[in-house]
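Chain letters run A, B, ... following the sequence lines, proteins first and then strands; every chain starts at 1.
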Amino acid sequence: MNRFAPLLVLPLLVVGLSAQPRTPAPEPAGISAAEVALVRSLVPPGAGEDQFASIPWQVKLWDARKLAATEGKPILLWEMDGHPLGCG
Amino acid sequence: MSAFADVEVIRLATRELIPVCADDWYQRRRRDAEGAFFKKIYEQSPRRGAPTSTKQGIYLFTADGELLGFNNAGNSVEAVRGLIGNALKKFKALPEARRKPGGMIVEDFGKPDPQYSRSPPVGGAVVQVFSRILERDGTKLKKGTCDFVGGGMPGRDFLWLTSDEITAMVPQQPKLGEVSAMPAAVSRRLARFHLVDNTRGEPAFWEDADVRKAQLRLTVTKLTPETIEWSCSGEVLLATSADVTQADRGFEVRLSGTLRYRREKKVFDQWELTALGEHWGSSTYTKEGERPGRTWLGLTFQLVGTPTPAQTVPPQAARDFNRYFGRD
């Protein structure tokens, strides 16, 4: 046998191995449909938890000024450090 | 915020006033007509002074800039009712020619300060995000309880998607069963800025390096001439240390959801995710009421159709706009 045969075969082996299809990444587990339904019933605001959202908040002070001038009303500004409607 | 859940305050705010809300972080910094006007207002109040200090509070004023009343946040319902009542008396005492509809002139706004003005991306989407602490009771889940007032209530935020990101989610020639990854920009934004515990105060966000895993997979489950529908399943691991067991803050969370795209209109009409996992640790403004150890936190993501003004409040993390959209 040619003494160089292993050297010839080795690259072919490497190429062959690298050409094998990779094992696909496992599908992320996700959450069961039952748990999805439960979380969606628990997390969003329930009865009585979203009262403040019934106020017709503007978010741009200039729009509020124009409305106030048009309607002849004063402005109520809730100025908060952070998301102004972040909590009930 | 509980004063704004009061029936009488709601009635007054809805019928007698023009209610507006704002994040003080933007308002006291912006250098445009709106910033100048807000400064004119707070300079009449106990919040006067350098814009480096907070201007948080409840203000009542006229459209032409006269302060009618101010109170700090966190006061009782009675105090807020009194504040509004006194302000309305002062307003009604103004000359009729000035306070009548059309009696005050509002000048042109001009250009907004691009650094501190925020609007949802044109052609994009707004997704409502709610969070809540949960507890396991055997095999059941229930709402969590918290020593911090309001900590058992939902946290709220919005997630913004751009029109390019929406386009990137939709394959040119979709096939039933086709699997793809949620665009990396969307996965990272969701993980870094929305899988957070914001139930007790402004949360710290996750650094890019804290995202140990963010795998969100989309599978085409339904194809019609009008729509493409996907299921989404995901796993995200966030931890402030590469050795998760040593991380002082972390969140190990699974997600599931459904997305549906209208082909002709080129919009999503459903973009819904649910997240559930174990969170631990706290940050500067969320320490009070922190539950020890790993505790359950749930989140829901729901597409908003046509947003009302209140639904265009920018995401909490959008203060750093470039970072929020992954341009850092």
Taking atom types as modelled, is there a side-chain donor on [X] or [Y] under 3.5 Å from an acceptor on the other?
X: B/Asn198; Y: B/Arg156; answer: no
X: B/Gln302; Y: B/Gln128; answer: no
X: A/Arg40; Y: B/Thr274; answer: yes

Side chain, backbone, both or neither of [X] within contact of chain A (heavy atoms, under 4.5 Å):
X: B/Glu107; result: both
X: B/Asn71; result: neither
X: B/Lys143; result: both
X: B/Leu134; result: side chain
X: B/Ile105; result: backbone
X: B/Leu273; result: backbone
X: B/Ala87; result: neither
X: B/Leu94; result: neither
X: B/Arg200; result: neither

Report task. May I ask you to establish whether B/Arg30 and B/Phe38 are in a cation-pi arrangement, using a distance under 6.0 Å from NZ or CZ to the six-membered ring centre and at most 45° from the ring axis? Result -> no
Q.
For B/Trp25 and B/Tyr116: C-alpha separation, side-chain torsions, deciding distance, then whether ring-ring contact (aromatic ring centres under 6.0 Å, His included) applies.
A. CA-CA 9 Å; B/Trp25 187 87; B/Tyr116 296 110; 5.5 Å; yes
Bottom line for A/Leu38: the part with an atom under 4.5 Å from chain B's heavy atoms is side chain
Under 4.5 Å to a heavy atom of chain B? For A/Asp63 that would be neither
Looking at [options], which makes the most heavy-atom pairs under 4.5 Å with chain A?
options: B/Glu202, B/Met104, B/Arg11, B/Arg319; value: B/Glu202
options: B/Glu16, B/Gln316, B/Glu34; value: B/Glu34
options: B/Leu276, B/Thr62, B/Leu216; value: B/Leu276

| With B/Phe4, the side-chain contact (heavy atoms from CB on, under 4.5 Å) member among B/Val77, B/Ile10, B/Val9 |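 The passing option is B/Val9.
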Quick check on B/Lys39: does its NZ atom have over 12 non-hydrogen neighbours (other residues, nucleotides or ligands) under 6.0 Å away?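 Open: at most 12 neighbouring heavy atoms sit under 6.0 Å from NZ of B/Lys39.
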